[in-house]
Amino acid sequence: MQTQGLTPIEAADPAHLVAQALAARQRAYAPYSGYQVGAAVLCADGTVILGCNVENAAYPATICAERVALTAAVAQGRRDLVAIAVATRDGGSPCGTCRQVMAELGPEMVVYITDAQGRYRTTTVRALLPDGFSGASLQR
Ligand code: THU
């Protein structure tokens with residue numbers, strides 16, 4: 001899912017990205033947990049790429065909203081990821097697997113975590129995953 005590019009002013013305003021994550025959350029396919037999640041990734045040029053969680057009757061086949069958005073960004077040729085907004089009903093924090101993928105694809109990203117009412121907090125990938133494993137280890 002991709003949305004129209006934001007203007008620079010909109011891109012600088014986290015509320016716009018948070019609103020996109022809230023909209024993406026409405027598309028969640030979560031019949032098993034009922035826990036709907038939306039994500040919106042902001043690229044340097046203002047493009048926003050959306051994701052939602054997509055569950056499966058074979059539970060481990062479920063994919064989180066953040067990874068849907070992040071992998072879609074890569075598939076669309078995007079590597080310039082500057083921020084991600086994540087929306088849940090309660091402002092829940094991203095899971096460990098999603099943090100690892102954020103660190104791989106957007107280590108400099110700012111992360112906005114919002115509840116369903118749009119009350120958000122601001123953090124970073126570096127704060128969410130300190131001392132994480134990275135490709136640097138594979139090059140030594
Ligand atoms: N979920 C996400 O989409 N992102 C996270 O970071 C945590 C969990 C989803 C997976 C599953 O569909 C539901 O939330 C409950 O775990």
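Order of appearance sets the numbers: ligands from 1, and atoms from 1 within every ligand.
- Remark: minimum distance from atom 1 (N) of ligand 1 to any protein heavy atom is reached at Cys64 SG, 3.6 Å.
- The protein non-hydrogen atom at the shortest distance from atom 15 (C) of ligand 1 is Ser33 OG, 3.7 Å.
- Heavy-atom contacts of Glu66 reach the following atoms of ligand 1: 2 (C), 3 (O), 4 (N), 5 (C), 6 (O) (cutoff under 4.0 Å).
- Shown here for Ser93 and Leu128, the closest heavy-atom pair between the two residues is OG-CD2, 4.2 Å.
- Taking the six-membered ring where the residue is Trp, Tyr59 and Tyr32 present tilted rings, their angle falling between 30° and 60°.
- In the vicinity of Tyr35, heavy-atom distances shorter than 4.0 Å reach the ligand 1 atoms 13 (C), 14 (O).
- A donor-acceptor pair under 3.5 Å is formed between the side chain of Asn53 and the backbone N or O of Tyr35.
- Considering only non-hydrogen protein atoms, atom 3 (O) of ligand 1 sits nearest to Ala65 N, 3.0 Å.
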Q) Going through the distances and angles, do Glu108 and Arg126 end up as a salt bridge (charged side-chain N to carboxylate O under 4.0 Å, His left out)? A) CA-CA 7 Å; Glu108 311 291 338; Arg126 292 204 191 287; 2.8 Å; yes
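- Thr47 is listed as a side-chain neighbour of Arg78, based on a closest heavy-atom distance under 4.5 Å.
- Checked against a 3.5 angstrom limit, the closest N/O atoms of Cys95 and ligand 1 fall inside it.
- A donor-acceptor distance shorter than 3.5 angstrom exists from the side chain of Gln100 to the backbone of Phe133, with no hydrogens or angles considered.
- At least one side-chain heavy atom of Val37 sits less than 4.5 Å from a side-chain heavy atom of Val86.
- Under a 4.0 Å criterion applied to the non-hydrogen atoms of Pro94, ligand 1 contributes the atoms 6 (O).
- Some N or O of Glu55 is nearer than 3.5 Å to an N or O of ligand 1, by distance alone.
- In this structure, atom 9 (C) of ligand 1 lies nearest to the protein heavy atom Asn53 ND2, 3.6 Å.
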